[in-house]
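This report refers to the structure that appears directly beneath it.
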Amino acid sequence: MTRILISEAINKVGDQVVLKGWVHARRNLGKMVFFDLRDMSGLMQVIVPPNAEEATIKAVKEIRPEFVVSASGVVQARKAGSENDKLASGKLELLCEKLEILNEAKTPPFEIDNEDRQASEELRLKYRYLDLRHERLQKNLSLRHEVILFIRQFLSERGFREVETPILSKSTPEGARDYLVPSRLYKGKFYALPQSPQQYKQLLMCAGVERYFQIARCFRDEDTRGDRQPEFTQLDLEMSFVEREDVMRLNEELLIEIIKNICPEKKIQEVPFPRLTYNEVMNNYRTDRPDLRKDKNDPNLLAFCWVVDFPFFEKDDDSPTGWTFTHNPFSKPKDEYIEAMKSFGVSLSQAHILKNDKVIPTILTTQYDIVLNGWEIGGGSIRNHKLEDLLAVFKILGYSGKEVTDNFSAICHALQLGAPPHGGIAWGLDRLIMVLANEPNIREVIAFPKTADAKDLLMGSPDEVTPEQLNELGIEVK
Ligand code: ASP
């Protein structure tokens, strides 16, 4: 007989079935042995009567938590009074005729059936495959799957295409440190892991794709925090022939539909999402990611808002001109600032004048950030699709025209070869799912996260490599 899932057994009262899974918890009641069997779909009580065949009686004496077993028998109603309302299968049990041990398990380093007594995070991450057996983490993985599936369907129905972009790429100026990968064939040269697919998605617009998205892995070598990981996942999206409003409207609709369809227990505080300017939020909340919830004790309340009209540039002592970008160097300023910005291109030779310039800090970008319950869950902008405008931004940042065309040669050429107006956004998917799952940090919604200090305790990385491997790469460790 083929094995069925516990969730399927619920509709099979009186039928002979085979269930397979893990021994969750076991108890002896007189001569009867009871245990909870766990599979990916849930738990089912199994009862082994004292008159079962010898091999089964032997097996049931041996089983301990996390043994992998096959249990065949008849699905029956539990005795009145012994039902468990907390389980979908709580009114039923399997009267086991044949129990077979498929694999044994040593005593796990922490309990699986009772997460309240869970171990330290370090131990949990070292044995992540056991940690993931906890019901809470199974639910988080499944929520993540459903959100991503919904996004793919929603965007596909609206004409978007998912396109993969390279992981081995080139270093880009996105504000964080790049992870570098040495090239064996070209010693002394390096790939960089993408901080985001920013340039690729813009090049896809130049390629005529018009509506792109990707569930994209991004890498940033920054100091990690609760909501940061060396690698994280974005919903990355870009559209051609759009204004700021178009991108914001589409994303707002997608977020609302995700909540309605996947988290119906959640309530969105205000629709349409409030739109606040950077000045407003800084004056009223002293942060650019305000938590607008009227009741912060309600775990099901979601307060989204958009923040717009950010300054394009901010002071930076490390920049040769004294200025860096606040969000994204490829963004377009708001229309009314484009002429002002272009005028700076000419005076770059007098970089020191720029440092104290009064106009630069007034230039606003088309950037929009989406904030949820005090977390920035996404951000994007309309881009400069004309080379001269992009060059003007980079001049304020202290790059000469040649440095820009050398470092960003693909995009510079593409902008001169029929680049459409375009804009997009990226969501920090881990953060969104973290908030939806009511979890305190993104490690709880990532299957195999790194620790807060960027270690993979499960695999033991980062790690040393052999002298041969270094030699092949032409690298010597200082
Ligand atoms: N690439 C940007 C980021 O990763 C998002 C965007 O502007 O689309 O923050």
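Whatever order the structure lists ligands and atoms in, that order sets their numbers, starting from 1.
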Near Gly380, which atoms of ligand 1 are under 4.0 Å from a heavy atom of that residue? 6 (C), 7 (O)
Does any donor atom in the side chain of Ser156 or Gln153 lie under 3.5 Å from an acceptor atom in the other side chain? no
With heavy-atom distances below 4.0 Å as the criterion, list the atoms of ligand 1 near Ile425. 8 (O)
In plain terms, say whether Glu444 and Arg136 are close enough for a salt bridge, that is, a side-chain N and a carboxylate O under 4.0 Å apart. yes
Atom indices of ligand 1 within 4.0 angstrom of Asn328 heavy atoms, with elements: 2 (C), 6 (C), 7 (O)
Sub-6.0 Å ring centroid separation between Phe408 and Phe394: yes
Within a distance under 4.0 Å of any heavy atom of Ser196, pick out the atoms of ligand 1 and give their elements. 1 (N), 4 (O)
Is Gln234 close enough to touch ligand 1? Criterion: a residue heavy atom under 4.0 Å from a ligand atom. yes
Quick note on ligand 1: atoms under 4.0 Å from a heavy atom of Gly379 include exactly 5 (C), 6 (C), 7 (O), 8 (O)
Might you point out which heavy atoms bring Val371 and Pro290 nearest each other, and give the distance in Å? CG1-O, 3.4 Å
Is the shortest side-chain N to carboxylate O distance from Arg128 to Asp131 below 4.0 Å? yes
For atom 1 (N) of ligand 1, tell me which residue out of Gln198, Glu238, Gln367 has the closest non-hydrogen atom. Gln198
What ring pair (Phe, Tyr, Trp, His ring centres under 6.0 Å) pairs are there with at least one residue in residues 123-150, not counting sequence neighbours? Phe110-His134
Which of the atoms of ligand 1 are close to Arg383, meaning less than 4.0 Å from one of its heavy atoms? 6 (C), 7 (O), 8 (O)
Could you tell me which atoms of ligand 1, counted from 1 in the order shown, lie closer than 4.0 angstrom to a heavy atom of Lys201? 6 (C), 8 (O)
Going by atom type alone, with no hydrogens or angles, which donor-acceptor pairs under 3.5 Å involve a side-chain atom of residues 413-430 and a protein atom two or more places apart or on another chain?
residue : atom : partner : partner atom : Å
His413  : ND1  : Ser409  : O            : 3.1
Gln416  : NE2  : Cys412  : O            : 2.9
His422  : ND1  : Pro420  : O            : 2.8
His422  : NE2  : Gln202  : NE2          : 3.0
Trp427  : NE1  : Asn251  : OD1          : 2.8
Asp430  : OD1  : Arg144  : NH1          : 2.9
Asp430  : OD1  : Arg144  : NH2          : 2.9
Asp430  : OD2  : Thr233  : N            : 2.8

What do you reckon, does Arg220 put a non-hydrogen atom under 4.0 Å from ligand 1? yes
